[in-house]
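Data first, discussion second: the structure below is written as structure tokens.
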Amino acid sequence: MEVSGTIAAVATAVAPGQGSVAIVRISGPEAEAIGRRLFVAPGQQSWESHRVLYGHVVDPANGERVDEALLLLMRSPRSFTRETVVEFHCHGGLIAVQRVLELVLAAGARRALPGEFSQRAFLNGRLDLTRAEAIGELVTARSRRAAQLAMAGLDGGLQRRLGALRERLLDQLAELEARVDFEEDLPPLDGDAVAAELAAVRGELELLVAEARQGELLREGLRVAIVGRPNVGKSSLLNLLSQRQKAIVTDLPGTTRDLLESELVLEGVPLTLLDTAGIRPTTDRVEALGIERARQALAAADVVLLLFDLAAGWTPEDQALRELVPEAAVLLVAGNKADAAGLPVGLVPAGAGLPAALHFSALTGAGRQELVAELLRRCGAGPLEGLQVALNARQRDLAAAAAASLAAALEAAVQHLPWDFWTIDLRAAVRALGEITGEEVSEAVLDRVFSRFCIGK
Ligand code: GDP
């Protein structure tokens, strides 16, 4: 990414006939000049920083008024990018705002790439990399908890925690490297104490890596395939889950052919339910399509919820479906219609011809809470309340790499190898942590991180 020049983009969502306000954002050395060229503010309004001007965006070629707008000028360095930023707050919709952007581009700005405003904020020292990534996560959050986690990242929670671990490693590295060069001139180093500190940092990193799974669930959501033979209550369960939550259940054409997906949020975790209605476990040729759909759903799912009818008992068809579930899949067997069968709800061990299963009733709602809790527990969601910060996939891989490097350094300690054997791995761990916060990061990595952002951010 080029980091010079003046960039511009529509910073708000672009949709025809929607949004009462649309913002065209300009950042860079020419931002104010472009603003002055295109904006006519009547009366005695003065171009002061952080003041709102009222007026019109005018095409300088013919004086035509393109939109009535507000203009906000934020002079460098008191802006998001630390460059001079000008925002036109226009009327929403598509046509006028696109014309305003075109005028801005004609006046000398170039179109911003996705994430380029945030990248400038990072490069100009306004944000560390974890905060910049948190902005992207806040924008794409699909649940309230995911948004809270992103805000914690934006407040610097992740940066502080990782920064502190990196500092502790740097302290040890300094001691070790000093010994490599000037062993005789320095007091002896307690290898056990160094090893204990490295082990402690490694433990914290491993904890963060484990918690990342929960954060990932909050961010990405969970793909749940609900399978079961006809009439066991799959649709009823879908209704039960979506009703209580008062969540939107949208039917989207699935990413996999022939699958319908619905989205809802349970206990703060966004779920994508893969609808497999119509699946029958049979070898009948006509039913082959149903089986194919079941297989697609099962392959795409993080967890399989296999429903059966407690009133009908565990039938050979249920067993056949059970055998369709891949070995590696996370499976929860749930018995519906506990009311009709006169059975208690909750987790019930195998017995009386039934497999171990979670019993509930989609009709009365009894056992719903237990079902949801068990579903989330099996997927590693655990209790989410205590989760303060969570690494994204990029950060998690780097934290895991740092932990592995520390394990290698500790190996050198166990074998009483010379100090320089410790420092190689320790340096690798420090570098990996620096890549998370952006202190040691290549341009290629930065481009990848920011290109995932939306345009205008
Ligand atoms: P699907 O074919 O698996 O989607 O099953 P449905 O959700 O359409 O349910 C089939 C029938 O079972 C409907 O008549 C439901 O009212 C009934 N049903 C669903 N859940 C329950 C339950 O928990 N208890 C009882 N008694 N009936 C249920």
Side-chain angles (χ1 to χ4, degrees), residues 222-254 256 258-264 266 271-282 284 286-301 303-325 329-349 351-375:
L222 200 62
R223 298 171 68 82
V224 183
I226 302 183
V227 293
R229 57 190 185 81
N231 283 323
V232 295
K234 296 182 296 296
S235 323
S236 307
L237 175 60
L238 256 166
N239 286 340
L240 176 74
L241 292 178
S242 46
Q243 252 168 36
R244 291 275 190 96
Q245 191 68 26
K246 293 198 180 68
I248 10 80
V249 178
T250 43
D251 283 338
L252 318 162
T256 325
D258 288 336
L259 278 180
L260 278 183
E261 298 182 0
S262 317
E263 304 213 348
L264 65 145
L266 288 180
L271 296 192
T272 302
L273 298 176
L274 307 176
D275 184 1
T276 63
I279 289 162
R280 286 165 188 78
T282 169
D284 190 331
V286 241
E287 301 285 64
L289 189 65
I291 295 284
E292 191 40 44
R293 278 174 59 174
R295 283 195 208 284
Q296 286 179 7
L298 293 173
V303 57
V304 176
L305 187 60
L306 174 60
L307 278 197
F308 73 101
D309 181 342
L310 285 169
W314 183 254
T315 69
E317 278 185 303
D318 296 319
Q319 182 58 32
L321 265 181
R322 167 81 182 76
E323 282 159 17
L324 271 183
V325 179
V330 178
L331 172 70
L332 177 60
V333 179
N336 185 26
K337 311 194 190 180
D339 60 308
L343 290 171
V345 298
L347 265 184
V348 178
L354 298 179
L358 195 135
H359 293 184
F360 75 105
S361 166
L363 191 68
T364 67
R368 174 194 182 274
Q369 211 180 339
E370 289 86 343
L371 178 66
V372 170
E374 188 59 21
L375 197 61

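If you read the sequence from its start, that first residue is 1, and numbering goes on from there. All figures in this text were calculated on a predicted structure; none of them were measured in a lab. Counting convention: from 1, in listed order, for ligands and their atoms alike.
The distance criterion of under 3.5 Å between nitrogen or oxygen atoms is not met by Ala338 with respect to ligand 1. For ligand 1, the polar-atom distance check finds no N/O of Phe360 at less than 3.5 Å from any of the ligand's N/O atoms. For a threshold of 3.5 Å applied to N or O pairs, the pair formed by Thr364 and ligand 1 contains no separation below that value.
A donor-acceptor pair is defined here as one N or O able to donate and one able to accept, closer than 3.5 Å; such a pair exists between the side chain of Lys234 and the backbone of Gly228.
Under a 4.0 Å criterion applied to the non-hydrogen atoms of Asp339, ligand 1 contributes the atoms 22 (C), 23 (O), 24 (N), 25 (C), 26 (N).
In this structure, a donor-acceptor pair under 3.5 Å is absent between the side chains of Ser236 and Asn239.
Note: Leu358 CG to Leu375 CG = 9.5 Å, rounded to the nearest 0.5 Å. A distance of 7.5 Å separates CZ in Arg322 from CG in Leu306, rounded to the nearest 0.5 Å. With values rounded to the nearest 0.5 angstrom, Leu241 atom CG is found 5.5 Å from Arg368 atom CZ.
Of the listed residues (Ser236, Ala340, Ala311, Ala341), the one carrying the non-hydrogen atom nearest atom 9 (O) of ligand 1 is Ser236.
Proximity of Asn231 to ligand 1, defined as any heavy-atom pair under 4.0 Å, is shared by backbone and side chain alike.
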